[in-house]
J.: 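My questions all concern the structure below.
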Amino acid sequence: MSAESGADGRDASRTGRLEKVRIARALTTAIAGLPPDEVPDALCRACVNLLPEVSGLSASIALPELGTSILLFASDEVASLLAEAQFTFGEGPCVQAFRLGHPVFATDLTRGLYTRRWPFFTAEAVQAGAEAVFSLPLAHPAGALGTLDLYRESTNGKSTRLLGAAAPLVAEVLALMVGALGDSSADLSEDAMWPGAKRNAVDIHLATRMIMTQMGVNAQQALLVLRARAFAQDQTCTEVAREIVNRTVDITYE
């Protein structure tokens, strides 16, 4: 390695560290002094400001024991719909990014590569107005916590390149903050840093257990029943789970 290339590598490393410090400062400043229930939205706004190349974004927390996730925050209705669609269908870039442990950039959802891989998700996403989706795992020493999911309303090669440099740093810092502020494996009955997300997690867990008891199936089979009902009723898994918990629907009756 030449002295020049070595210097370039050191400069790039230093630039990356400085950028990470800037991102960490922006995220910590955004939530300073806020009550727990306001933290997710504040983090969301800060992430949007840090990633101007995207049309919107969301972050999700994984429920690994059930093989699904719950929404932590979303910048808009499209971002929320994209996340919930992936939870309901059990397919999409965020599912793959979490499972594989590395970023998944779907740069054009109308391409056959993606429509064949995720047929239900791509149809829903394109109809909602998203042509490109990028998912990054929230990596943590204790294991992946979930994903940071970004979307664009149109494909743009230059923006994608800029995003490829900035988004992994935002995801890395966000993962550390999520891991420190709210343990996704904590007792779901306790008052948690993420009230909305924990409430949804409680509903998913309770509904799954109710299906297991009523239908005599295991947890994974119960989740499939929940997803099937959500798909058939054009609802999200979270919505159906809440109906089951509130006993406004009988999941065993078809």
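On a predicted model such as this, the values are computed, not experimentally measured, just so you know. Along the sequence shown, residues are numbered consecutively beginning with 1.
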J.: Is the closest side-chain heavy-atom distance between Thr147 and Ile61 below 4.5 Å?
T.: no
J.: Within the side chain of Thr29, is there an N or O that forms a donor-acceptor pair under 3.5 Å with the backbone of Arg25?
T.: yes
J.: Taking the side chain as everything from C-beta on, heavy atoms only, tell me whether Ser69 gets closer than 4.5 Å to Gln86.
T.: no
J.: Where is the tightest heavy-atom contact between Ala30 and Ala42, given as atom of each residue plus distance?
T.: O-CB, 3.6 Å
J.: Among Leu223, Leu226, Leu224, find the one that has a side chain to side chain contact (heavy atoms under 4.5 Å, CB included) with Ile211.
T.: Leu226
J.: Please tell me if the side chains of Met215 and Gln221 come closer than 4.5 Å, counting only heavy atoms from C-beta onward.
T.: no
J.: Using salt bridge (charged side-chain N to carboxylate O under 4.0 Å, His left out), reason through Glu19 and Arg22 one step at a time and then give a plain yes or no.
T.: CA-CA 5 Å; Glu19 181 66 4; Arg22 183 183 74 85; 2.6 Å; yes
J.: Taking Ala230's backbone N and O only, do any of them form a donor-acceptor pair with Gln233's side chain (distance below 3.5 Å, no angle check)?
T.: no
J.: What pairs meet the ring-ring contact (aromatic ring centres under 6.0 Å, His included) rule with one or both residues in residues 208-229, with sequence neighbours excluded?
T.: none
J.: Would a distance-only check, ignoring hydrogens and angles, find a side-chain to backbone donor-acceptor pair under 3.5 Å from Thr208 to Ala222?
T.: no
J.: What is the minimum heavy-atom distance between Leu150 and Leu57, and which atoms define it?
T.: CD2-CB, 3.5 Å
J.: Using modelled atom types and a 3.5 Å cut-off, is there a donor and acceptor pairing between side-chain atoms of Ser58 and backbone atoms of Ala74?
T.: no
J.: Which label fits Trp118 and Tyr114: parallel for a plane angle under 30°, tilted from 30 to 60°, or perpendicular past 60°?
T.: parallel
J.: Are the side chain of Thr88 and the backbone of Cys237 linked by a donor-acceptor contact shorter than 3.5 Å?
T.: yes
J.: Determine whether Leu72 and Leu81 fall in the same hydrophobic cluster, where Ile, Leu, Val, Met, Phe, Trp and Tyr are linked whenever their side-chain heavy atoms lie under 4.5 Å apart.
T.: no
J.: In chain order, what residues pass the side-chain contact (heavy atoms from CB on, under 4.5 Å) check against Glu243, with sequence neighbours excluded?
T.: Gln235, Thr248, Val249
J.: Within the 4.5 Å heavy-atom criterion, are Leu43 and Phe73 side-chain neighbours or not?
T.: yes
J.: Hey, are the side chains of Phe121 and Val95 touching, using non-hydrogen atoms and a 4.5 Å cut-off?
T.: no
J.: So, does Glu38 use its side chain to make a donor-acceptor pair with the main chain of Pro35 at under 3.5 Å?
T.: no
J.: With a 4.5 Å heavy-atom cut-off, do Phe89 and Arg227 have their side chains touching?
T.: no
J.: How about CG on Asn246, more than 12 heavy atoms from neighbouring residues, nucleotides or ligands closer than 6.0 Å, or not?
T.: yes
J.: A side-chain contact here means heavy atoms from C-beta on lying under 4.5 Å apart; do Val78 and Ser80 qualify?
T.: no
J.: Taking the side chain as every heavy atom from C-beta outward, state whether His205 and Leu63 have any pair of such atoms under 4.5 Å apart.
T.: yes
J.: Find out if a path of hydrophobic residues (ILVMFWY) with successive side-chain heavy-atom gaps under 4.5 Å connects Phe120 to Val225.
T.: no
J.: In terms of hydrophobic clustering (I, L, V, M, F, W, Y; side-chain heavy atoms under 4.5 Å; direct or indirect links), are Phe231 and Ile204 co-clustered?
T.: no
J.: Below 4.0 angstrom, N of the basic side chain to O of the carboxylate: do Glu131 and Arg152 qualify?
T.: no
J.: Pairs of donor and acceptor atoms involving the side chains of residues 96-104, under 3.5 Å and at least two apart or interchain, shall be tabulated with distances.
T.:
none

J.: Applying side chain to side chain contact (heavy atoms under 4.5 Å, CB included) between Phe134 and each of Leu148, Asp149, Thr107, report the one that passes.
T.: Thr107
